[in-house]
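As the structure is a computational prediction, the values presented were derived from the model and not from experiment. Below, chain A is the first sequence line, B the second, and so on; all start at residue 1.
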2 protein chains.
Amino acid sequence: MRESTGTRERIKAVALELFTEQGYEKTSLREIAERLNVTKAALYYHFKSKDEIVSSFVEDRLDRMDALIAWADEQPSTLATRRELIARYADSMFATEQPSVMRFFEQNQTALKSLAAGQQMRDRMFRLADALARGDESPAAQLRAALSLFAVHSSWFAIRAPRVTDEERRKIALDVADELLARIADG
Amino acid sequence: MRESTGTRERIKAVALELFTEQGYEKTSLREIAERLNVTKAALYYHFKSKDEIVSSFVEDRLDRMDALIAWADEQPSTLATRRELIARYADSMFATEQPSVMRFFEQNQTALKSLAAGQQMRDRMFRLADALARGDESPAAQLRAALSLFAVHSSWFAIRAPRVTDEERRKIALDVADELLARIADG
DNA sequence: GTCTATACGTCGATAGAC
DNA sequence: GTCTATCGACGTATAGAC
């Protein structure tokens, strides 16, 4: 079943890049195929449809999110747990090739709404926010929890100062996230 | 030059609604025309192209942003200024029909990157963030400024608690934004 | 496992009649 | 100011040869 040349992986890589750069809708299969010097039909051998390409690189991420949520559910609703949770989330974001998948999601919110994979990710983000705010059902807590997640994400583009390393971005994001989480009441 | 029936305004309204609901790329001119019981060609009488429809309802908003930035530039770099600035921003967001335009922007980040109107809005958002962080050039200040803006925006969807009024959302958003802004050093 | 060839729909946009 | 008719390009997807 596994072909030797890794065409499937190459398709995933190119698709991720183009979907992120120009958007899911604006990227045609013809364009992906041309970059790889194969035909559109070749793509259809590896993936049933265009959205199945998306699902393929979203699955890993969904699994990570599920693991994170499951872990959080077993912990007490304390500030320490919230801090540990956001740190683990940041790690899973900054690790390996995940940043590119993360950027893809940020860039394709709209397109993802009509895709199964997108709805699942949306769902997981809300559940993660709920886990971060657990024990404090106030609207303000919901907003702070969501913003702490967004602190991790936006550290990639909101920080425009020159010569800031990934590690520094991560630290700054977590510092700001911690401030927000500190204002959520323990359950 | 002005037609009596206000067709142009009706086109804008329907386009804004559909672009927001399903995304700019996924909404065709045919769809917009059908809703209005006219043909595509009629749309081209009122607008030179699809993206010109977008520009038409973005212009107001750009003007508001420019006014806000100009005002901020004349003020001292103090916490009081930052708080006043974010409050004015929130007001301009929650006022009149602006929430729908705002939602359109949130839903079409990707598509807007290749549209002139989108690039202009992006530029204004960064300038507003810079105005909020003026006097503190640290990366953390940039992140806090961006997050305070996002607090205003995300209050619309991040707060999922039932029976929260718009006015309450506005207040919560500004409370959280103020916390973030308080950590930015005065210039 | 990858190709050629093609079906068939829809897109944004234009020309020209009324 | 709105219409009909049409353009050329491109979209996803499939059939079937090699």
Novice: Calculate the interatomic distance between B:L18 atom CG and C:dG12 atom P; express it in whole Å.
Specialist: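 Distance, rounded to whole Å: 12 Å.
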Novice: Among side-chain atoms of A:E31 and A:Q22, is any donor-acceptor pair under 3.5 angstrom?
Specialist: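 Result is yes, a qualifying pair exists.
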Novice: Quick check on side-chain contact (heavy atoms from CB on, under 4.5 Å): which of A:L18, A:L112, A:V54, A:I53 does A:Y24 satisfy it with?
Specialist: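 Per the side-chain contact (heavy atoms from CB on, under 4.5 Å) rule, the option paired with A:Y24 is A:V54, out of A:L18, A:L112, A:V54, A:I53.
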Novice: If we ignore hydrogens and angles and just use 3.5 Å, is the side chain of A:S155 paired with the main-chain N or O of A:R170 as donor and acceptor?
Specialist: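 It does not hold such a pair.
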Novice: State whether a side-chain donor-acceptor pair under 3.5 Å links B:S77 with B:R134.
Specialist: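 There is such a pair between these side chains.
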Novice: Rounded off to whole Å, could you give me the OH-to-P distance for the B:Y44 and C:dC11 pair?
Specialist: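 To the nearest whole Å, that distance equals 11 Å.
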Novice: Rounded to whole Å, please give me the gap between NZ in B:K26 and P in D:dT12.
Specialist: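 In whole Å, D:dT12 P lies 12 Å from B:K26 NZ.
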Novice: Does D:dG1 have OP1 or OP2 sitting under 4.0 Å from an N or O in the side chain of B:Y45?
Specialist: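 It does, given that an N or O in the side chain of B:Y45 lies less than 4.0 Å from OP1 or OP2 of D:dG1.
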Novice: Quick check: does any side chain N or O of B:Q142 sit under 3.5 Å from a backbone N or O of A:A161, one acting as donor and the other as acceptor?
Specialist: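 Flag set: sc B:Q142 to bb A:A161 pair under 3.5 Å.
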Novice: Can you check the A:L29 CG to D:dT12 P distance for me, whole Å?
Specialist: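 Atom CG in A:L29 sits about 4 Å away from atom P in D:dT12.
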Novice: Who passes salt bridge (Lys or Arg N to Asp or Glu O under 4.0 Å) against B:R83, sequence neighbours left out?
Specialist: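 Testing B:R83 for salt bridge (Lys or Arg N to Asp or Glu O under 4.0 Å), a comparison that skips the adjacent residues, returns B:D178.
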Novice: Would A:R88 and A:E84 count as a salt bridge (charged side-chain N to carboxylate O under 4.0 Å, His left out) if you check the C-alpha gap in whole Å, the side-chain angles of each, and the deciding distance to 0.1 Å?
Specialist: CA-CA 6 Å; A:R88 286 181 184 222; A:E84 176 70 19; 2.9 Å; yes
Novice: Distances under 3.5 Å between protein N/O atoms and the N/O atoms of nucleotides 3-10 of chain C, please, pair by pair.
Specialist:
from: C:dC3; atom 1: OP2; to: A:T39; atom 2: N; distance (Å): 3.3

Novice: Do any of residues 47-57 of chain A sit with a heavy atom less than 4.0 Å from DNA chain D, and if so which?
Specialist: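 Only A:S49, A:K50 qualify.
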Novice: Measure CD1/A:I32 against C1'/D:dT12 and give the value in whole Å, please.
Specialist: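 Rounding to the nearest Å, CD1 of A:I32 and C1' of D:dT12 are 12 Å apart.
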Novice: Separation of A:I11 atom CD1 from C:dG1 atom P, in whole Å?
Specialist: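 Taking CD1 of A:I11 and P of C:dG1, I get 12 Å after rounding.
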Novice: Could you tell me whether a side-chain N or O of A:R124 sits under 3.5 Å from a main-chain N or O of A:R122, the two making a donor and an acceptor?
Specialist: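 Between the backbone of A:R122 and the side chain of A:R124 there is no qualifying donor-acceptor contact (under 3.5 Å).
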